[in-house]
Amino acid sequence: QVQLVESGGGLVQAGDSLRLSCAASGRSFSRYHMGWFRQASGKAREFVAAVTWAGDWTYYTDSVKGRFTISRDNAKNTVYLQMNSLKPEDTAVYYCAASRNWETEEAEYDYWGQGTQVTVSS
């Protein structure tokens with residue numbers, strides 16, 4: 001069992017940076033691959049980035065490559081999403097999620113946080 005709590009969202013201007021954090025409880029955190037998803041108003045939730053349980057491999061959706069960086073610190077039971085050069089189209093609720101499988105499909109993730117709002121003004 002893993003409980004996830006996101007933080008770090010807020011209102012920023014285009015071009016600014018934000019770092020999201022996702023704190024996990026439960027001793028099995030390091031056994032899970034971790035992902036970030038986002039859901040804009042009126043749209044389906046979409047995959048953003050994922051990191052392996054060891055932190056040695058990452059994967060990003062094309063729209064955030066070169067701007068976002070996912071990382072994790074297993075000693076702190078925390079996964080991060082560093083977001084640079086933010087654009088208005090990045091506005092969404094961001095969720096972290098945990099999966100035992102290396103996947104980008106939402107259905108493959110077993111545990112979810114409650115989400116944190118990111119709003120990017122132009």
Side-chain angles (χ1 to χ4, degrees):
Q1 189 80 4
V2 178
Q3 290 80 43
L4 303 171
V5 178
E6 302 95 336
S7 62
L11 172 63
V12 297
Q13 293 186 333
D16 285 351
S17 298
L18 274 178
R19 188 176 80 156
L20 305 183
S21 298
C22 174
S25 61
R27 293 180 293 174
S28 58
F29 171 75
S30 62
R31 300 178 185 178
Y32 287 86
H33 306 307
M34 297 297 296
W36 285 96
F37 290 75
R38 66 186 179 186
Q39 186 169 22
S41 180
K43 295 186 177 182
R45 189 154 54 185
E46 64 173 355
F47 170 82
V48 175
V51 60
T52 56
W53 66 269
D56 56 352
W57 191 259
T58 58
Y59 185 76
Y60 301 90
T61 192
D62 286 346
S63 62
V64 308
K65 284 180 182 177
R67 299 188 300 122
F68 290 12
T69 303
I70 188 171
S71 62
R72 67 190 296 163
D73 185 338
N74 286 342
K76 296 182 178 179
N77 277 13
T78 302
V79 62
Y80 305 98
L81 185 68
Q82 177 67 43
M83 305 185 294
N84 299 329
S85 303
L86 282 161
K87 304 176 181 180
E89 52 263 43
D90 295 318
T91 295
V93 177
Y94 283 72
Y95 300 88
C96 68
S99 175
R100 289 197 176 274
N101 302 314
W102 181 240
E103 294 283 351
T104 62
E105 294 295 324
E106 180 178 345
E108 295 293 332
Y109 283 75
D110 304 301
Y111 302 103
W112 293 82
Q114 83 290 346
T116 186
Q117 176 71 46
V118 173
T119 303
V120 184
S121 64
S122 58

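All values reported here derive from a predicted model rather than from experimental measurement.
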Would you check if the side chain of Ser99 reaches a backbone N or O of Asp110 as a donor-acceptor pair within less than 3.5 Å? no

Mind checking whether Val118 and Phe68 sit in one hydrophobic cluster, side chains of I, L, V, M, F, W, Y counted as touching below 4.5 Å? yes

Quick check: is Val5 connected to Leu81 through a chain of hydrophobic side chains (ILVMFWY, heavy atoms under 4.5 Å apart)? no

Consider only side-chain N and O atoms of Asp73 and Thr78, and report whether a donor and an acceptor are under 3.5 Å apart. no

Can you measure from CE (Met34) to CG (Asn74) and round to the nearest 0.5 angstrom? 9.5 Å

Main-chain N/O of Ile70 paired with Tyr60 side-chain donor or acceptor, under 3.5 Å: yes

Determine whether a donor-acceptor pair (N or O, by modelled atom type, separation under 3.5 Å) exists between the side chain of His33 and the backbone of Asn101. no

Kindly indicate whether the side chain of Glu108, heavy atoms from C-beta on, has any atom under 4.5 Å from the side chain of Trp102. no

Would a distance-only check, ignoring hydrogens and angles, find a side-chain to backbone donor-acceptor pair under 3.5 Å from Thr58 to Val51? no

Does atom NZ of Lys43 have more than 12 heavy-atom neighbours, drawn from other residues, nucleotides or ligands, at distances under 6.0 Å? no

If you draw the axis of the six-membered ring of Tyr32, does the NZ or CZ of Arg100 fall within 45° of it and under 6.0 Å from the ring centre? yes

Would Arg38 and Tyr94 count as a cation-pi pair here, with the cationic atom under 6.0 angstrom from the ring centre and within 45° of the axis? no

Are Glu6 and Trp36 packed together at the side-chain level, in the sense that at least one heavy-atom pair is separated by less than 4.5 angstrom? yes

Can you tell me if OH on Tyr59 sees more than 12 non-hydrogen neighbours from other groups inside 6.0 Å? no

Would you give the length of the straight line joining atom OG of Ser25 to atom CG of Leu4, rounded to the nearest 0.5 angstrom? 7.5 Å

Tyr95 vs Trp112 aromatic rings, parallel, tilted or perpendicular, using cut-offs 30° and 60°? perpendicular

For the side chain of Asp90 and the backbone of Val120, is there at least one donor-acceptor N/O pair under 3.5 Å apart? no

In one Ile/Leu/Val/Met/Phe/Trp/Tyr side-chain cluster, 4.5 Å: Leu18, Tyr80: no

Rounded distance (nearest 0.5 Å) linking atom CD of Gln3 with atom CD of Gln114: 12.0 Å

What about Val93 and Leu20, same hydrophobic cluster or not, with Ile/Leu/Val/Met/Phe/Trp/Tyr joined at side-chain heavy-atom distances under 4.5 Å? no

Donor-acceptor pair, side chain of Thr119 and main chain of Leu11, under 3.5 angstrom: no

For the OG atom of Ser28 and the CD atom of Gln1, what is their distance to the nearest 0.5 Å? 8.5 Å

Hey, is CH2 on Trp57 packed in by over 12 heavy atoms from elsewhere, all under 6.0 Å? no

Salt bridge (Lys or Arg N to Asp or Glu O under 4.0 Å) assessment of Lys65 paired with Asp62: CA-CA 5 Å; Lys65 284 180 182 177; Asp62 286 346; 2.9 Å; yes

Separation of Arg72 CZ from Ser30 OG (nearest 0.5 Å): 7.0 Å

Would Val64 and Met83 show up in the same hydrophobic cluster when neighbours are defined by side-chain heavy atoms closer than 4.5 Å? yes

